[in-house]
Amino acid sequence: MTQYSYSRVDLWEKCPYHYKLRYIDRLIELPRLDADSPLILGHALHKGIESGETTMEHDYYDSFPTVTNEQVNEMTKLQILLPKVQAELSAFDGCEFKHEYPIMTKDFIGFADLIMTAPDGTSTVIDFKYSNHADNYMDSGQLHLYKYYLEQQGYNVKHMAYIFIPKTGIRQKKDEDLFHFRQRLVETVSKQEVKLVPIDYDEMRVIEFQNAIKNIEQATEFPKNPSGKCFSCIPRFAPDYLNATQNEKGEILMQLPKNERRQKKVDLMPDVWLYADSYVGKTTFWDQFDDVLMINTDGNTDNITSPVFPLKDVVTKEGRMTKRTFAWESFLETVKSFEVGNPEGYKTIVIDLMEDVRDDCRNYIMNKFGWEHESDGSYGKGWSMVTKEFDNAIKRLKAVGLQIVYISREVRKDVTMKGNSVRTTFQPNIDDKSANFLTGTVDITMRAYVNEEGEHKLMLQKQPNVFGGGRFDFKQAEIPLEKDAFLDALKDAQPKVSGRVEVRAEHKGSQEQVESTETTNEEPAEKPKRKRSARKTEEPVETESEEKPKRQRRSRKTRTTETDDDQVTPPGEDDEPEAKKDEAPKAAPRRRRRRRAEN
C-alpha cells in the first residue's frame with residue numbers, strides 16, 4: 001500500500017498535473033543550487049537546531065559545488081538566527097527532545113521537526129518554518145496529521161506549534177562594497193525576532209487528508225492547477241526536469257525516456273564533468289578510454305587518437321550568396337543522429353570544451369532573433385530562450401544512453417569569507433547558472449591539476465574551495481590522472497552490497513555481468529532530500545568542533561528525489577523580501593507557561 005505524506009497530498013490538491021509528473025511519471029527534478037534556496041536553507045537550519053552551528057555550516061556548504069560570497073552571506077544570517085531559536089527552546093528545559101522524528105504507518109509517512117515530551121508524559125509537536133509569511137502556514141494540515149498519527153503510536157500530544165524564523169531579502173547595493181553590505185546585513189538580521197505560534201487541533205484536517213487519498217487512487221484525469229495555487233506552475237519557480245525538454249515558461253515540450261527502476265550495478269562509466277587549467281591533460285585523459293567520440297571546439301586534437309568531430313561555424317558560398325551553418329546547428333544534428341542510432345558503436349561522447357558549446361548556443365539564438373545581447377529580448381526573454389535551448393539539447397544528449405563527459409577550462413575566483421579572509425576558489429570557466437545545471441546532469445564533477453612535483457592529479461573528494469562533488473564515496477582524496485587509477489577508485493567507491501550487480505566497463509545498454517545477487521523492487525526510504533554526504537575536508541568557516549550529526553547524509557544529488565514531507569514552499573515566499581506584521585500569537589503551549597512560572 002502506498003504511504004502518503006502531507007506534501008504529496010498537498011501537491012495533488014493544488015495541481016494534479018504536477019502530482020502526476022512527480023509521483024506517477026517520476027520525472028527527475030534537477031536541484032536548484034541558488035544560495036538562497038528555501039529548501040537548502042531550511043534543511044541547514046533544521047540541522048543547526050538539532051546538532052549545533054558546526055553541523056549547520058557543514059550541511060549548508062555541502063549542498064553546493066563550491067562556496068561563493070552569496071553563500072557566505074546566507075550563512076551569516078543563519079549564524080545570527082540559530083541562537084535566537086535555541087533561546088526560544090531553552091524555555092522547555094526538562095523536556096525530552098526528539099528531532100526529525102519519523103512517523104510511519106501503513107498509509108502515512110512524515111518527519112516531525114521536533115517532539116518535546118514533558119516529565120508528565122505529555123508532548124508538544126513543533127514545526128520550524130524559515131519564513132516571514134506565517135499566514136501561509138496557519139491553514140496547513142501538516143501538524144494536525146502529525147498529532148493524529150503520533151497518538152496512534154502512543155504519544156500523548158497536547159500541544160502543536162510553529163516556530164517562525166524570519167527571513168531578510170536585503171541585497172547589496174550597486175555602490176556598496178561587500179564589507180559594508182555585510183555590516184548592514186548583520187544589523188538587520190540581529191533586530192529580527194523568532195516567534196512561537198501555537199495552533200489548535202482540528203480533526204477535520206485528518207478527514208480531508210484521508211478523503212484526498214481516496215480521490216488520488218481513483219483519479220483518471222490530472223488537470224493543471226485547478227486551485228490556482230500551484231507553486232510549480234509559476235514560470236519563475238517551475239521545476240527543471242532532467243528527463244523532459246521545456247520551453248521558457250517551464251511547459252513540457254517532450255518527455256524523454258521514462259525513468260524506470262533498473263537493476264543496481266557498479267557503474268564504471270559514470271557521466272563526468274572534468275575541468276582543469278590548460279595543458280594539464282584533460283583531453284588526453286579521456287583519450288585513454290575506448291570507443292570515444294570527441295566533439296571538439298578548440299582544435300587541440302593533434303595528440304589524441306580517438307575520432308574527432310570538429311564543432312565550428314561552417315561558411316560556404318553558393319554563387320554570390322554566403323551561407324553560414326552555425327556550430328550549434330551542427331551540435332543539434334549530432335545529438336539527433338545519436339537519438340536515431342549509433343552505427344559506429346561509440347560508448348562515450350566527450351564534449352571539449354563545454355563553455356564553447358554554451359557560447360555557440362548563445363550566438364545561434366542571438367543571430368536567429370537579430371539580437372546583439374540576451375538583454376535585447378524583452379522581459380528576460382533572451383536569457384530564458386538561450387538557457388532553455390541549451391538545457392534541452394543537453395537533456396536530449398543525456399537520453400541517448402551513452403556515457404557523457406564534459407570538459408572545461410578552469411577559472412579562479414576570490415571569495416571573502418567570515419572575518420574578511422580571502423579564499424581562492426577553482427571552478428569551470430562557465431557562468432554560474434549553467435554550471436549549476438550541468439553539475440546536476442552528471443554523476444561526478446572533478447578538477448585535475450599539476451602539483452609542485454609536476455605530477456598530474458585528479459581530485460576525487462569534495463573540497464570547500466573547489467567546484468565539484470557527486471554521488472560516489474571515494475576513499476582517496478586524489479589519484480594520478482590515469483584511466484586505470486580512475487577505474488580502480490570507482491570500484492572502491494561502490495562496495496558490493498545485497499542487491500548490487502558488478503559489471504565491466506562496457507556500453508551502458510549492454511554491460512556484461514560479472515557477479516550478481518538478489519535484487520529488490522522496494523520503494524526508496526522517504527525523505528531522501530534530508531540526506532547528503534558530509535564533506536571530508538575543512539569547512540570554509542572556522543568554528544568550534546561539535547558532535548557529528550546523528551543521521552548519515554548522502555550526496556547532494558539524491559536530494560532531487562521526491563517525498564519531502566515538510567519542504568512545501570508557499571506561493572509568495574520569495575516574492576516579498578521583508579516580513580509583514582503578523583497578528584499577536586496565541587498563548588504559548590502549557591509546558592512553556594509552566595516553565596516561565598517556575599522562573
Side-chain angles (χ1 to χ4, degrees), residues 33 35-90 92-93 97-101 111 113-114 116 126 128-130 163 165-168 182 185-186 189-190 192 194 415-423 425 461-469 473-474 477 527-556 558-559 566-567:
L33 297 178
D36 60 351
S37 164
L39 175 61
I40 296 174
L41 285 168
H43 184 270
L45 191 54
H46 280 80
K47 283 297 179 183
I49 294 167
E50 177 183 356
S51 304
E53 184 176 308
T54 298
T55 301
M56 178 177 70
E57 293 172 359
H58 283 225
D59 188 271
Y60 178 72
Y61 288 128
D62 280 344
S63 300
F64 301 96
T66 191
V67 177
T68 67
N69 285 328
E70 287 73 24
Q71 276 121 24
V72 177
N73 294 341
E74 295 300 327
M75 178 50 59
T76 299
K77 300 176 188 177
L78 296 186
Q79 288 170 331
I80 298 171
L81 292 169
L82 180 60
K84 294 177 182 285
V85 180
Q86 293 170 331
E88 191 72 25
L89 294 177
S90 66
F92 297 93
D93 287 344
F97 282 36
K98 291 184 179 178
H99 293 272
E100 294 199 27
Y101 182 81
F111 289 79
D113 286 346
L114 176 61
M116 301 185 299
I126 298 288
F128 300 104
K129 298 299 182 186
Y130 186 33
I163 289 184
I165 304 155
K167 297 178 67 174
T168 178
R182 286 186 178 167
L185 183 65
V186 169
V189 179
S190 298
Q192 296 178 315
V194 170
V415 176
T416 304
M417 305 302 297
K418 184 179 179 180
N420 295 320
S421 61
V422 178
R423 180 185 292 266
T425 63
Q461 292 180 354
K462 184 75 179 69
Q463 296 190 22
N465 65 323
V466 177
F467 186 100
D473 184 19
F474 288 109
K527 217 167 190 175
K529 291 186 181 180
R530 290 193 172 246
K531 302 178 182 179
R532 297 186 287 278
S533 58
R535 180 177 289 136
K536 299 178 180 178
T537 55
E538 184 181 357
E539 290 300 315
V541 182
E542 296 182 2
T543 57
E544 296 180 2
S545 62
E546 295 191 22
E547 185 181 2
K548 294 181 180 179
K550 297 177 183 177
R551 301 174 68 186
Q552 283 188 332
R553 295 173 286 169
R554 294 196 293 257
S555 69
R556 55 181 162 78
T558 61
R559 257 201 350 270
D566 63 350
Q567 298 298 335

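Worth saying up front: this structure is predicted, and the values here are computed from it rather than measured.
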Just do the side chain to side chain contact (heavy atoms under 4.5 Å, CB included) check on K47 and E100 with the steps written out, would you? CA-CA 9 Å; K47 283 297 179 183; E100 294 199 27; 4.3 Å; yes
Please name all residues satisfying side chain to side chain contact (heavy atoms under 4.5 Å, CB included) with S37, sequence neighbours left out, ordered by chain then number. L39, I40
Walk me through it: do V67 and N465 pass the test side chain to side chain contact (heavy atoms under 4.5 Å, CB included)? CA-CA 6 Å; V67 177; N465 65 323; over 6 Å; no
Quick one: side-chain hydrogen bond (donor to acceptor under 3.5 Å, both in side chains) partners of Q86, sequence neighbours excluded? none
Tell me the salt bridge (Lys or Arg N to Asp or Glu O under 4.0 Å) pairs involving residues 77-86, sequence neighbours left out? E74-K77
Please round to the nearest 0.5 Å and tell me the distance separating atom [atom1] of [X] and atom [atom2] of [Y].
{"X": "L82", "Y": "M56", "atom1": "CG", "atom2": "CE", "answer": "4.5 Å"}
{"X": "T55", "Y": "I49", "atom1": "OG1", "atom2": "CD1", "answer": "12.5 Å"}
{"X": "L41", "Y": "L81", "atom1": "CG", "atom2": "CG", "answer": "10.5 Å"}
{"X": "I165", "Y": "Y130", "atom1": "CD1", "atom2": "OH", "answer": "8.5 Å"}
{"X": "N73", "Y": "D36", "atom1": "CG", "atom2": "CG", "answer": "10.5 Å"}

Which of V415, V466, T425 passes side-chain contact (heavy atoms from CB on, under 4.5 Å) with T66? It is T425
Consider only side-chain N and O atoms of H43 and D59, and report whether a donor and an acceptor are under 3.5 Å apart.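 Yes, because at least one side-chain N or O of H43 sits under 3.5 Å from a partner of the opposite role on D59.
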What I want to check is whether the side chains of Q71 and T68 have a donor and an acceptor closer together than 3.5 Å.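 Judged by distance alone, the side chains do pair up.
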Taking Q192 for its side chain and K167 for its backbone only, find out whether a donor-acceptor pair lies under 3.5 Å.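 At least one qualifying donor-acceptor pair exists.
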